[in-house]
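Report on one structure; see the data block that follows.
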Amino acid sequence: MTTPDGAQAERTGLAWRRTALASAACTVLLLHSAAQHHWGLSLIPALLAAVTSALLAAIGARRERALRAPEPGPASPALPAIASLAVTATAASVVILH
């Protein structure tokens with residue numbers, strides 16, 4: 001059984017959107033926590049989380065467009081590395097500053 005054209009691109013796009021949405025939910029929780037701590041340094045993890053959410057959404061949209069192209073090229077190895085670095089920096093800031 002074969003899958004219809006575009007199913008892989010749609011599944012990939014949905015996975016990236018789901019990840020970005022989960023990151024946005026974490027951002028809202030960090031903002032709430034920063035407000036309870038009277039902002040200050042606890043705002044830094046929330047800002048990093050917001051940047052990470054936007055980055056994940058942008059990477060996902062780019063990857064989905066690339067997969068929908070008539071001749072999909074290979075994924076750039078830099079994009080997952082950049083996303084991983086952003087997530088790691090956000091997590092480290094939560095551990096250190098929160």
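Within the 3.5 Å criterion, the main-chain N or O of Ala9 finds no donor-acceptor partner in the side chain of Thr12.
With rounding to the nearest 0.5 angstrom, the SG atom of Cys26 is 11.5 Å from the CG atom of Leu31. Remark: Ile44 CD1 to Ile96 CD1 distance equals 10.5 Å, nearest 0.5 Å.
Between Leu79 and Arg63 there is no side-chain heavy-atom pair separated by less than 4.5 Å. You'll find the side chain of Trp16 stays beyond 4.5 Å of the side chain of Leu21, heavy atoms only. Put simply, the side chain of Thr27 does not reach to within 4.5 Å of the side chain of Leu48, judged on heavy atoms.
The minimum heavy-atom distance between Ser53 and Ser23, with the atom names listed, is OG-OG, 2.7 Å. When every heavy atom of Leu30 is checked against every heavy atom of Ala49, the shortest pair comes out as CD1-CB, 3.8 Å. In this structure, Ala83 and Leu56 approach most closely via the heavy-atom pair CB-CD2, 3.9 Å. Residue Thr52 comes nearest to Ala86 through the heavy atom pair OG1-O, 3.4 Å, listed as atom of the first residue, atom of the second, then distance.
Under the ring pair (Phe, Tyr, Trp, His ring centres under 6.0 Å) criterion, His37 pairs with His98, not counting sequence neighbours. Residues forming a salt bridge (Lys or Arg N to Asp or Glu O under 4.0 Å) with Arg17 (at least two apart in sequence, or on another chain): Glu64.
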